Amino acid sequence: MTLEKVTDRTYGSVNAAGGNSGIAVLDDQVVVIDSQFLNQAKELRREIEKVTEKKIRFLLLTHSHSDHVFGNEVFQDYEIVGHRSLKARMQELLSTTWTKESLEKQIAELKGTDPERASRFEGVHITLPTHVFDEDFRIVEDDMEVVMRHVGGHTGDSSTVYFPKEQVMFAGDLIFCQTFPYGGDPTADPDRWLQALGDIMEMPVRAIVPGHGPICDKREVQTYIDFIEDVKDRMVGMIREGKSQQEITKDEGYPMLYSKSADQRRQSTLAQWYKVWNQKLTKNK
Ligand SMILES: [Zn+2]
């Protein structure tokens with residue numbers, strides 16, 4: 001893992017194994033965005049020390065998926081910040097799919113098929129945010145400001161982290177740069193996703209650190225907006241025509257957006273977006 005310089009004060013850790021992370025070096029402190037999996041978080045902390053001597057003060061969490069929060073314990077000496085619903089979701093998962101027994105079972109199953117993936121869950125002590133917010137959370141220094149804003153979209157608890165002075169946006173999993181996104185979370189909402197991406201287009205942003213994939217810019221955001229709108233047009237059209245769920249979610253006419261096949265991520269995304277739009281249309285009848 002390396003920290004790639006985005007601007008003078010911001011860096012992105014862009015790696016293939018899990019979600020991306022980033023840091024911003026303020027005047028008196030370092031802000032970390034997302035902790036990835038545990039082993040990567042340990043590496044990230046070592047990398048931060050190579051880049052700056054300033055002290056870490058905050059870990060900001062863009063959303064509750066394991067590949068963004070399982071390294072939290074490495075930063076447990078600091079304030080860990082997430083949206084109120086992010087903490088609630090993590091608490092809920094801690095009593096369902098993230099119990100010790102459940103994680104051990106997943107590790108045992110993965111060891112045979114995907115040992116690298118299994119190692120990501122080993123020895124994890126899931127660590128909750130120490131501070132929650134409702135609409136936004138700001139860190140203000142003389143010269144620098146950090147604006148973390150709850151936006152939803154990829155998950156109900158998704159937030160973006162923006163550094164106005166540097167014009168850098170940490171978009172979390174609103175953007176999987178140059179790959180197909182994961183929109184299959186049961187709390188994913190493609191309309192809120194569009195709104196959040198539209199807001200980014202309106203802001204002065206010259207670089208975007210996505211939740212997955214390489215550092216990008218607004219062109220990728222526009223690609224994502226076009227994609228979601230195209231899927232929406234086609235899907236809502238078919239819902240209105242009264243086609244069946246099966247016909248609509250298995251339809252092959254949606255734009256591929258970097259994907260070559262109807263893989264699982266694509267399928268679960270289409271299924272969730274169908275659920276959302278179908279519900280909205282039925283409600284409005
Ligand atoms: Zn995610």
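As the structure is a prediction and not an experimental result, all values here were calculated from the model. We count ligands from 1, going down the list as the structure has it; atoms in each ligand are counted the same way.
Within Asp173, the N/O/S atom positioned nearest the Zn ion (ligand 1) carries the name OD2. The atom name of the N/O/S atom in His65 closest to the Zn ion (ligand 1) is ND1. Of all N/O/S atoms in His63, NE2 sits nearest the Zn ion (ligand 1).
Put simply, the residue from His212, Arg120, Gln36 that forms a side-chain hydrogen bond (donor to acceptor under 3.5 Å, both in side chains) with Asp67 is His212. Considering Tyr254, Trp193, Phe180 in turn, Phe180 is the only one that fulfils the ring pair (Phe, Tyr, Trp, His ring centres under 6.0 Å) rule with Phe227.
The ring pair (Phe, Tyr, Trp, His ring centres under 6.0 Å) search around Phe133 returns His83, not counting sequence neighbours.
A salt bridge links Glu47 with Lys50: at least one charged nitrogen is closer than 4.0 Å to a carboxylate oxygen.
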